Amino acid sequence: MPNTAPSLPIFLRLSDRPVLVAGAGRIAVRRIGRLLESGARITVVAPHAHEQVRAWAEAGELVWKKREAVENDVDGYTLVFAATDDTAVNAMLAEAANKRQVLVQRADDAAASDFLVPAVVQRDALQIAISSDGQAPTLARILRTRLDAWIPRAYGDLARLAGDFRDIVKARLPRAERAGFWLRVLDGPIAEKVFTGRMADARRDLAETLEDGAQTPTPARGEVYLVGGGPGDPDLLTSRALRLIQRADVVLHDSLIAPAILDLANPDAEFIHVGKRAARHTLPQEDINELMVRLAGEGKRVLRLKGGDPFVFGRGGEEIAQLAEAGVPFQVVPGITAASGCAAYAGIPLTHRDYAQSVTFVTGHLKAGELELSWSQLAKRGQTVVFFMAVKSLPIICEKLRQHGLADDWPAALVIEGTTVRQRLVVGSLVDLPERVAAEVVEGPALLIVGEVVRLNETLGWFRPSMESESQV
Ligand SMILES: C[S@@+](CC[C@H](N)C(=O)[O-])C[C@H]1O[C@@H](n2cnc3c(N)ncnc32)[C@H](O)[C@@H]1O
């Protein structure tokens, strides 16, 4: 009768337990690798062995019996892995193991196995096991890959830190308070220190908290995350940005942040729009800085979410200067700047061995109708120049570059709402781009790229968004 009951997930401690592996091919090698880590005493039975199994046997890490497996081989083992390439032998071993109440796994038949080997995401002591109960092992592996990319490596360090302090916490805190304590440590500023590589600081903070006898390891003060939200496509967020977006209590965001990115935040968080809207600031920069200091002072986790990268024309430096002065803990998470995002999605490499040996990022923002830039530097050949905030100043920029020596037909392109499904590209030359852009309605952000690399778009352009999927970004 087929077994329809779900399997029971458990983690086995096999240190010094006898485990039999029948077969010594590639599947067996994979099993043995993990079994060796678990400290099991391994015996392999197989007439021929993969070179790795032979090496392990020569190094004394396992015993290899060089012959066909027989029924009695399963006697005295805690677990049996039937991983030969002969179905009849695997079936014989499974039956023999069943008779003796020894648990068996058949590499060729999940349904006839007592246990299944899950796909595992591992961060030191922390292990996440995924199983489809034999229904779809490939799906389990796909999920494993996704989780592996998503779960920071530093979770292993966090588990180690908790392990190192486990006994001390047990001795100092009554049982009823321990779970709350660990929740605050593992999901608070101490964990953030671990995630940003400040292990020694995290260890010190945890030790001090315990020294003080305090039961609240999070200081009353909160913290600020200055996070780059990328140029628009939510898939371009970094995994650290995503984690911090999801854990913030308050989100301070610019106009450039796509709604799809804001949707990723905790819906219970407070959202404050602080960016530019219709050419006026909803909040002056000083007020934004003060607001962050005040909110963090109330113990909140404040996410300052900016378009692109916070340190590229994002005034990120000014914002954290005030935090540093006020002693508010903060971290900065880089984002994909519009320059990289737009260039990639427009098929315009910013540098190229033949056309551009350097790239310069410049602001095209007009001050009192003027643009004070080093035009003779910017008008040199062999480089790419990327102008941010340059829609209004586009005619001046093109004119100045021509006056300073670039040819009339020098290539230039405007990428409008780059990386989103509304992306548009206007390609031209210094002489005709302003006219071409004037014929367009440019409401969203736009980036000007000047240089010979622009021509490569003809062959390298790949992103042709369909407006049907507009709701996605
Ligand atoms: C205040 S700057 C912020 C730049 C941002 N920190 C970055 O690293 O991309 C805003 C300018 O970035 C450019 N920009 C941002 N997102 C863009 C996008 N999706 N498409 C085109 N340009 C973009 C535009 O030039 C816009 O005027």
Side-chain angles (χ1 to χ4, degrees), residues 225-238 241 252-262 273-285 288 303-320 332-348 350 359-367 371 373 384-398 412-427 433 437 440-450 454 457 461 463-465 470 472-473:
Y225 316 130
L226 177 62
V227 173
D233 182 346
D235 281 2
L236 295 180
L237 282 175
T238 62
L252 269 58
H253 63 94
D254 286 349
S255 319
L256 283 183
I257 301 295
I261 291 180
L262 293 177
H273 179 269
V274 294
K276 248 191 207 173
R277 211 182 255 157
R280 68 185 168 87
H281 279 97
T282 36
L283 265 190
Q285 188 65 51
I288 298 175
L303 176 79
R304 177 67 177 111
L305 191 54
K306 308 202 70 123
D309 182 280
F311 280 2
V312 177
F313 301 120
R315 303 188 75 172
E318 293 163 55
E319 299 193 1
I320 57 172
V332 184
V333 181
I336 291 185
T337 174
S340 305
C342 292
Y345 278 53
I348 301 175
L350 291 177
V359 56
T360 306
F361 295 170
V362 200
T363 170
H365 187 63
L366 293 166
K367 276 193 194 141
L371 253 189
L373 296 171
T384 305
V385 187
V386 178
F387 292 87
F388 288 71
M389 298 167 274
V391 177
K392 278 199 193 128
S393 53
L394 180 68
I396 302 178
I397 293 170
C398 292
L414 191 74
V415 187
I416 306 161
E417 297 193 68
T419 80
T420 74
V421 289
R422 295 172 301 283
Q423 173 172 308
R424 278 177 295 150
L425 186 66
V426 187
V427 181
L433 190 69
V437 169
E440 297 277 333
V441 180
V442 183
E443 281 175 346
L447 196 83
L448 173 64
I449 305 178
V450 178
V454 166
N457 154 266
F463 181 62
R464 294 186 179 82
E470 189 163 7
Q472 289 167 21
V473 184

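Because the structure is predicted, anything quoted here is derived from the model rather than measured. The first residue in the sequence is number 1, and the count goes up from there. We count ligands from 1, going down the list as the structure has it; atoms in each ligand are counted the same way.
Taking distance alone, with nitrogen or oxygen atoms compared against 3.5 Å, Gly418 approaches ligand 1 more closely than that limit. Considering backbone and side-chain N/O of Pro310, none are found under 3.5 Å from N/O of ligand 1. The shortest N/O to N/O separation between Gly307 and ligand 1 falls below 3.5 Å. The shortest N/O to N/O separation between Thr419 and ligand 1 does not fall below 3.5 Å. The shortest N/O to N/O separation between Thr420 and ligand 1 does not fall below 3.5 Å. Geometrically, ligand 1 and Phe388 share no nitrogen or oxygen pair separated by less than 3.5 Å.
Note: Thr420 OG1 to Tyr345 OH = 10.0 Å, rounded to the nearest 0.5 Å. A distance of 5.5 Å separates CD of Gln285 from CD of Glu318, quoted to the nearest 0.5 Å.
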**OP:** Give the intermediate values and the outcome of side chain to side chain contact (heavy atoms under 4.5 Å, CB included) for residues Asp233 and Phe463.
**Re:** CA-CA 12 Å; Asp233 182 346; Phe463 181 62; 5.9 Å; no

**OP:** Could you walk me through whether Leu448 and Leu433 pass side chain to side chain contact (heavy atoms under 4.5 Å, CB included), step by step?
**Re:** CA-CA 10 Å; Leu448 173 64; Leu433 190 69; 3.5 Å; yes

**OP:** Applying side chain to side chain contact (heavy atoms under 4.5 Å, CB included), run through Leu226 and Phe311 and close with a yes or a no.
**Re:** CA-CA 10 Å; Leu226 177 62; Phe311 280 2; 4.1 Å; yes

**OP:** Take Leu252 and Lys306 through the test side chain to side chain contact (heavy atoms under 4.5 Å, CB included) and record every step on the way to the result.
**Re:** CA-CA 9 Å; Leu252 269 58; Lys306 308 202 70 123; over 6 Å; no

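No side-chain N or O of His365 forms a donor-acceptor pair with one of Ser393 less than 3.5 Å apart.
Closest heavy-atom contact between Val312 and Phe388: CG1-CZ, 3.8 Å. Of all heavy-atom pairs between Ala413 and Ile348, the closest is CB-CD1, 4.2 Å.
Regarding atom 4 (C) of ligand 1, its nearest protein heavy-atom neighbour is Val312 O, 3.5 Å. Counting protein heavy atoms only, atom 3 (C) of ligand 1 is closest to Phe313 O, 3.3 Å. For atom 19 (N) of ligand 1, the closest non-hydrogen atom on the protein side is Pro231 O, 2.8 Å. Scanning the protein for heavy atoms near atom 11 (C) of ligand 1, the closest one is Met389 CG, 3.8 Å.
Proximity of a side-chain donor or acceptor of Glu440 to a complementary backbone N or O of Val426 within less than 3.5 Å is not detected.
The shell of residues lying under 4.0 angstrom from ligand 1, judged by heavy atoms, includes Glu417. Under the 4.0 angstrom criterion for non-hydrogen atoms, Gly232 is not in contact with ligand 1.
Between atom 25 (O) of ligand 1 and the options Pro445, Ala446, Ser255, the minimum heavy-atom separation is to Ala446. Here the shortest heavy-atom distance to atom 9 (O) of ligand 1, taken over Gly335, Gly364, Ala338, belongs to Ala338.
Residue Leu256 has at least one heavy-atom neighbour below 4.0 Å for each of these atoms of ligand 1: 10 (C), 15 (C). Each of the following atoms of ligand 1 lies closer than 4.0 Å to a heavy atom of Val415: 21 (C).
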